[in-house]
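Just below is one structure, and these are the notes that go with it.
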Amino acid sequence: MGDWTYEVHPVAQGVDVYEQAISWTPFLSPKHARAAGRALAQLHQAVQSYRAPARKMQQLVSSFTIFAGHQATLHEGHSKADDDPYEAMEAYLEQRPLLRKYAEERNWRGSFHALLVPFHRQLEPWLTYLEPIWTHNDFHASNLIWSEDGVDAKVCGIIDFGLADRTNAVHDLATAIERNIIEWLRMVEPGAAMLHLDHLDALLAGYEELSPLSYEETRALAAMLPLVHCEFALSETDYFLSVLLSREKAYLAYEGYFLAHAEWFRGAEGRRLLEHLERWAEDRPRVRGGQR
């Protein structure tokens, strides 16, 4: 599946407003965030009838199997037993020998148990409310084409589907939040403001203009956020080990992305973001038979 463009608004010519921006930098304005949220909802509506199976195992794909529970059976090589995240992680590593050896050297079970499994426990009750669809999995401002370069620009195209796979809409929305709302590149700056909650609210408002979310989906979104980066981080680590043969880059992907991003959500700013989403969820309607 190569890169392709999905037209959201038919226009004669689009503008790459974020051409000079480094990936994963924030939107220029809340209005851009809202337009992006609406575009993501349009994309999710458009793929509802696309029933192709999930991709086979390969590198540099943002999949959702380790923490997916019953949804893991959508992917080749996964069975019902993989509902257990430890077994699912074992199965993921078994198919990637160099990554498995690297992770074993770093006692992955210890960090998995201490850091990631507690987040999975919070996500697990909400997994049954998530319907599988094909998703972009790399939705950020620099992968969008805009109608103009002003603050009122609309999204007229989405590019770079190289990480696309069959996950679910909440996974894609969580990815969009992680890659647009948190300024990871400023983590080394003491006292730097890393969160853009006004952009988050605008992104979600734009999405809900077309696809309102239920209480269960919004609780899943908050619980998914600390885990959504994990499989791409592991895939990237494997790529650095087996293709680029760079343990230095593998270290940055594993320690600086796979572990450090999840660890950030246990700190004050990460908790502030998750609590913001949990408060936002309270006003959403529940699915019939859903829980609180």
Task: CG-NE2 distance between D198 and H196, expressed to the nearest 0.5 angstrom - done: 7.5 Å
Task: Side-chain heavy atoms of L274 within contact of P226, under 4.5 Å - done: yes
Open item on the list: Taking the basic N atoms (NZ, or NE/NH1/NH2) and the acidic carboxylate oxygens, is any pair closer than 4.0 Å for R266 and E263?
Closed with: yes
Task: Any donor-acceptor N/O pair, H32 side chain to G150 backbone, under 3.5 Å - done: yes
Open item on the list: Can you confirm whether more than 12 heavy atoms, excluding those of E248, are under 6.0 Å from its CD atom?
Closed with: no
Task: Note: R272-E269 ion pair, threshold 4.0 Å (strictly below) - done: yes
Open item on the list: Let me check something: do I159 and V61 share a hydrophobic cluster, defined by ILVMFWY side-chain heavy atoms less than 4.5 Å apart, either directly or through other members?
Closed with: no
Open item on the list: Let me confirm one number: the CD-CZ distance from E282 to R219, rounded to the nearest 0.5 Å.
Closed with: 6.5 Å
Task: Between NE2 on residue H113 and CG on residue N107, distance to nearest 0.5 Å - done: 11.0 Å
Task: Heavy-atom closest contact (W134 atom, A52 atom, distance) - done: NE1-O, 2.8 Å
Open item on the list: Main chain of A21, side chain of S142: is a donor-acceptor contact present, judged purely on distance under 3.5 Å?
Closed with: no
Task: Minimum heavy-atom distance E178-W184, with the two atoms named - done: O-NE1, 2.9 Å
Task: Chi angles and distances behind the side chain to side chain contact (heavy atoms under 4.5 Å, CB included) call for S111, L116 - done: CA-CA 7 Å; S111 54; L116 301 175; over 6 Å; no
Task: Validation row: L273, I182 side chains within 4.5 angstrom (heavy atoms) - done: yes
Open item on the list: Suppose the criterion is side chain to side chain donor-acceptor pair (under 3.5 Å): which pairs have a residue in residues 220-241, not counting sequence neighbours?
Closed with: Q59-D238, S63-E231, T65-E231
Side-chain donor-acceptor contacts of residues 250-260 below 3.5 Å, not counting sequence neighbours, with atom names and distances?
from: Y257; atom 1: OH; to: R179; atom 2: NH2; distance (Å): 3.4

Open item on the list: With a 3.5 Å distance limit and no angle check, can you tell me whether E216 reaches the backbone of W126 through a side-chain donor-acceptor pair?
Closed with: no
- [ ] Can you label the angle between the H44 ring and the Y207 ring as parallel, tilted or perpendicular, going by 30° and 60°?
- [x] perpendicular
Task: Heavy-atom check, side chain of F161 versus side chain of L43, under 4.5 Å - done: yes
Open item on the list: Restricting to non-hydrogen atoms, name the atom on S29 and the atom on V151 that form the minimum distance, rounded to 0.1 Å.
Closed with: OG-CG2, 3.4 Å
Task: Atom pair CG (L225) and CZ (F119), whose distance is rounded to the nearest 0.5 Å - done: 9.5 Å
TODO: Could you tell me whether the side chain of K101 reaches within less than 4.5 Å of the side chain of L241, counting heavy atoms only?
DONE: no
TODO: For the pair T128 and L130, evaluate side chain to side chain contact (heavy atoms under 4.5 Å, CB included) and give the outcome as yes or no after the intermediate values.
DONE: CA-CA 6 Å; T128 57; L130 307 182; over 6 Å; no
TODO: Measure across A41 and L210 and return the closest heavy-atom pair with its distance rounded to 0.1 Å.
DONE: CB-CB, 3.9 Å
Task: SB check E104 R100 (cutoff 4.0 Å) - done: no
Open item on the list: Under the criterion side chain to side chain contact (heavy atoms under 4.5 Å, CB included), I'd like the reasoning laid out for N168 against D172: C-alpha separation, chi angles, the key distance, then a yes or no.
Closed with: CA-CA 7 Å; N168 57 74; D172 217 16; over 6 Å; no
Open item on the list: Measuring from atom CG of L227 to atom NE2 of H171, what distance do you get when rounded to the nearest 0.5 angstrom?
Closed with: 9.5 Å
Open item on the list: Within the 4.5 Å heavy-atom criterion, are R286 and S214 side-chain neighbours or not?
Closed with: no
Task: Between CH2 on residue W108 and CG on residue L115, distance to nearest 0.5 Å - done: 13.0 Å
Open item on the list: Tell me if the CD1 atom of I22 is crowded by more than 12 foreign heavy atoms within 6.0 Å.
Closed with: no
- [ ] Determine whether L200 and I177 make a side-chain contact, defined as any pair of heavy atoms from C-beta on separated by less than 4.5 Å.
- [x] yes
TODO: Specify the closest pair of heavy atoms between N137 and L163, including all atoms of both residues, with the distance to one decimal.
DONE: ND2-O, 3.1 Å
Open item on the list: Is the ring pair W146/Y18 parallel, tilted or perpendicular, if the boundaries are 30 and 60 degrees?
Closed with: tilted
- [ ] Over all heavy atoms of both residues, which pair between A153 and A35 is shortest? Give the atoms and the distance, please.
- [x] O-CB, 3.8 Å
Task: Any donor-acceptor N/O pair, D165 side chain to R55 backbone, under 3.5 Å - done: yes
- [ ] Just do the side chain to side chain contact (heavy atoms under 4.5 Å, CB included) check on L221 and L277 with the steps written out, would you?
- [x] CA-CA 8 Å; L221 179 61; L277 284 171; 4.3 Å; yes
Open item on the list: Within the structure provided, determine whether L204 and L173 are in side-chain contact (heavy-atom separation under 4.5 Å).
Closed with: yes
Task: Distance flag, aromatic centroids of Y92 and F67, threshold under 6.0 Å - done: no
TODO: For the residue pair H136 and N143, establish whether any side-chain heavy-atom pair is separated by less than 4.5 Å.
DONE: yes
Open item on the list: Taking the basic N atoms (NZ, or NE/NH1/NH2) and the acidic carboxylate oxygens, is any pair closer than 4.0 Å for R284 and E208?
Closed with: yes
Task: Hphob cluster co-occupancy, V15 + V155, side-chain heavy atoms under 4.5 angstrom - done: yes
